[in-house]
Student: 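Here it is: the structure, laid out below.
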Amino acid sequence: MIDTIEIFVGGGTGGSGAISFRREKYVPFGGPDGGDGGSGGDVVVVADPGVTDLKLFRRKRRYKAGVGGDGRGRKRHGKNGEALILPVPVGTVVYDEDEVGGRALVADLEKPGERVVVARGGKGGLGNIHFASSTNQAPRIAQSGEKGEEKAVSLEMRLIADVGIIGYPNVGKSTLLAAASAARPKIASYPFTTREPVLGVVEVGQRVAVLAEIPGLVDGAHTGRGLGHDFLRHIVRTRIIIHLVDGSSVSPVEDMTRVNAELGLYDSSLAGKQQIVAVNKIDLPQVQAGLDEIRGAFGGIGISPLFISAATGEGVTQLMMETVDMLSQVGETDKRVPSRVFRPRPRDKGVRVHREGEAFVVEAPGLERIVARVDMSSPQLRGQLDRQLTRLGVRRALDKAGVKPGDRVRCGDLEWEW
Ligand SMILES: Nc1nc2c(ncn2[C@@H]2O[C@H](COP(=O)(O)OP(=O)(O)OP(=O)(O)O)[C@@H](O)[C@H]2O)c(=O)[nH]1
Ligand SMILES: [Mg+2]
């Protein structure tokens, strides 16, 4: 995911040369002694390991370096203008933008401390000293300072999102991103509308968060189904997750657990990431009618979701506030994950069953994470769990192991009767 931001930079204007004449005792009419102006400062972009993103440049787009000081009498040179240093993340690429939309690579700041001048300061003007000649002994002219270079440059970096928006296709991820940020992803009533992760920058008060819509998560995404596989790696780098579910779905809870199972199967670190669950489309009458039921179902597994309508904007501000709150709680995890991380491909983790005393113990990583969140006393959730057992091949494995109705089965922290 690439973040690009265009800024306008201007070198400082050079100082003017001075018009001045020597005035000394016993020298009734001295020659010219006006010094030159100082040069204007440059605008310099520097790769700084302490900077992790380009967010600051969103707040301020125009940058001008210091002006040069004017020259003065007695041949005094004006002070040079101060350079303006713009720290950017290591890995930022700088382009010159021309008026007609073309761009030229200026620098690829790969190493800490690498720098490039993006706009030169203007030269200082010459003092009148330079304009004396045999015919003009008392030049009353001097040069004014040159203007600094002015141009548009763009800064580009691979962006790491703070927050991943996940959920089944068509749940309204793009609509939410559009409601909360300036991003304008395509929105349509069919699944897989979004085919690439889309980023949006959300501002809540003084706080800024980068959200990314992670498209195409479906059952089996971890093995490459849907579009999700390529994009799951982006979630690995996000700090928290907004898990969006469609309130009009048959079972929002099951949708959530299934997507979570995919995450866990792809990379176990994903299962531990903090999530904010949001139930979308509450503007629909049938969703309104079922709110209590949905709330109860989530409550049964210890989750209290937020209820929103990405379409009307209801609840979106609240969701964004909770998001930035949670971000500040999880703190700055190290976002500078090296781009080449060795991560073994998810193995096809088979389901294993063994006996421990009277009980059958099931080892199925995907299931463990689901059951850890399921309250086995709710018949409705038991029903959903049963479906997962079939889907994940647990039922078959248990049958093979010779489980009979009434036997105890254990998986993760839970034990129940078969
Ligand atoms: N009534 C209602 N419809 C919504 C809401 N949010 C999204 N939709 C509709 O749901 C459909 C899917 O919305 P998208 O935002 O494209 O969903 P998505 O999750 O990004 O979908 P994909 O990118 O295809 O995975 C569109 O027809 C939206 O208009 C909502 O809050 N209320
Ligand atoms: Mg979308």
Side-chain angles (χ1 to χ4, degrees), residues 1-2 159 161-202 209-235 238 240-263 266 270 275-295 298 305-323:
M1 291 185 272
I2 304 287
L159 192 94
D162 300 305
V163 184
I165 306 175
I166 63 167
Y168 270 139
N170 224 32
V171 297
K173 300 179 296 295
S174 299
T175 312
L176 173 61
L177 194 65
S181 78
R184 291 292 168 261
K186 187 172 171 204
I187 293 167
S189 59
Y190 49 83
F192 302 116
T193 310
T194 308
R195 310 199 62 91
E196 293 271 324
V198 187
L199 292 171
V201 177
V202 176
V210 180
L211 268 62
E213 172 182 1
I214 309 293
L217 291 187
V218 293
D219 293 339
H222 76 282
T223 62
R225 279 198 62 215
L227 304 165
H229 189 257
D230 288 345
F231 307 134
L232 279 162
R233 70 195 150 83
H234 292 298
I235 316 179
T238 63
I240 61 169
I241 290 170
I242 293 178
H243 199 146
L244 199 62
V245 294
D246 186 337
S248 66
S249 147
V250 179
S251 170
V253 170
E254 186 179 344
D255 294 351
M256 183 199 69
T257 49
R258 293 174 92 159
V259 170
N260 279 343
E262 288 304 325
L263 295 189
Y266 176 74
L270 288 179
Q275 296 196 356
I276 298 178
V277 178
V279 177
N280 189 29
K281 309 196 183 179
I282 59 165
D283 55 293
L284 296 174
Q286 76 264 32
V287 179
Q288 270 300 329
L291 281 192
D292 287 340
E293 195 188 323
I294 298 173
R295 192 176 284 120
F298 277 103
L306 291 172
F307 290 87
I308 67 164
S309 167
T312 67
E314 189 183 347
V316 171
T317 308
Q318 172 76 17
L319 174 60
M320 291 305 127
M321 291 198 307
E322 300 219 356
T323 301

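The analysis underlying the following values was restricted to heavy atoms, covering all of them including side chains, and did not include hydrogens, waters or symmetry mates. Just so you know, ligand 1 is whichever comes first in the structure, and atom 1 is the first atom listed for that ligand. What you are looking at is a predicted structure, and each value in this text was computed from that prediction instead of being measured.
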Student: Which atom names give the shortest non-hydrogen contact between Ile294 and Val279, and what distance separates them?
Tutor: CG2-CG2, 4.0 Å

Student: Hey, is Thr175 touching ligand 1 through its side chain, its backbone, both or neither, going by heavy atoms under 4.0 Å?
Tutor: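 Both backbone and side chain.
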
Student: Is the contact between Asp283 and ligand 1 made by the side chain, the backbone, both, or neither, using heavy atoms and a 4.0 Å cut-off?
Tutor: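 The part of Asp283 near ligand 1 is the side chain, not the backbone.
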
Student: Can you find an N or O of Val171 that's nearer than 3.5 Å to an N or O of ligand 1?
Tutor: yes

Student: Heavy atoms only: which of Lys281, Glu314, Lys173 lies closest to atom 9 (C) of ligand 1?
Tutor: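 When every heavy atom of Lys281, Glu314, Lys173 is considered, Lys281 comes closest to atom 9 (C) of ligand 1.
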
Student: If we ignore hydrogens and angles and just use 3.5 Å, is the side chain of Lys173 paired with the main-chain N or O of Tyr168 as donor and acceptor?
Tutor: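 Such a contact is found between Lys173 side chain and Tyr168 backbone.
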
Student: Note the single closest protein heavy atom to atom 24 (O) of ligand 1, along with its residue, its atom name and the distance in Å.
Tutor: Thr193 N, 2.7 Å

Student: Using a 4.0 Å heavy-atom cut-off, which part of Pro191 comes near ligand 1: side chain, backbone, both, or neither?
Tutor: backbone

Student: Would you say the side-chain atoms of Asp162 pair up with the backbone N or O of Val210, donor to acceptor, closer than 3.5 Å?
Tutor: yes

Student: Tell me yes or no: between the side chains of Ser174 and Glu213, is some donor less than 3.5 Å from an acceptor?
Tutor: yes

Student: Does an N or O anywhere in Ile308 fall below 3.5 Å from an N or O of ligand 1?
Tutor: no

Student: I'd like to know: is the Mg ion (ligand 2) within the 2.8 Å range of an N/O/S atom from Thr194, strictly under that distance?
Tutor: yes

Student: Verify the distance criterion only: is there a donor paired with an acceptor across the side chains of Asp255 and Ser249 at less than 3.5 Å?
Tutor: yes

Student: Hey, is Ala188 touching ligand 1 through its side chain, its backbone, both or neither, going by heavy atoms under 4.0 Å?
Tutor: backbone

Student: I need the atoms of ligand 1 closer than 4.0 Å to a non-hydrogen atom of Tyr190, numbered in the order shown.
Tutor: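 That gives atoms 24 (O) of ligand 1.
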
Student: Is Glu254 paired with Arg258 through a side-chain N to carboxylate O contact shorter than 4.0 Å?
Tutor: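 Counted as a salt bridge, because a side-chain N and a carboxylate O are separated by less than 4.0 Å.
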
Student: Which atoms of ligand 1 sit under 4.0 Å from any heavy atom of Phe192?
Tutor: 22 (P), 24 (O), 25 (O)

Student: Would one find an N or O of Ala311, backbone or side chain, under 3.5 Å from an N or O of ligand 1?
Tutor: yes

Student: Does any N, O or S atom in Ser174 come within less than 2.8 Å of the Mg ion (ligand 2)?
Tutor: yes

Student: Among the N, O or S atoms of Glu213, which one sits nearest to the Mg ion (ligand 2)?
Tutor: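 In Glu213, the heteroatom (N, O or S) nearest the Mg ion (ligand 2) is OE2.
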
Student: What about Thr312: any of its N or O atoms under 3.5 Å from an N or O on ligand 1?
Tutor: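 The answer is no, given that Thr312 and ligand 1 share no N or O pair closer than 3.5 Å.
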
Student: For the residue pair Asn260 and Gln275, what are the closest heavy atoms and their distance?
Tutor: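 Here Asn260 and Gln275 meet closest at OD1-NE2, 2.7 Å.
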
Student: If you count the atoms of ligand 1 from 1 in the order shown, which ones are under 4.0 Å from a heavy atom of Pro169?
Tutor: 25 (O)

Student: For ligand 1, note which part of Asn280 has a heavy atom under 4.0 Å away: side chain, backbone, both or neither.
Tutor: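 Answer for Asn280: side chain.
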
Student: Under 4.0 Å from a heavy atom of Asn170: give me the atoms of ligand 1 that qualify, with their elements.
Tutor: 10 (O), 11 (C), 12 (C), 17 (O), 18 (P), 19 (O), 21 (O), 22 (P), 24 (O), 25 (O)

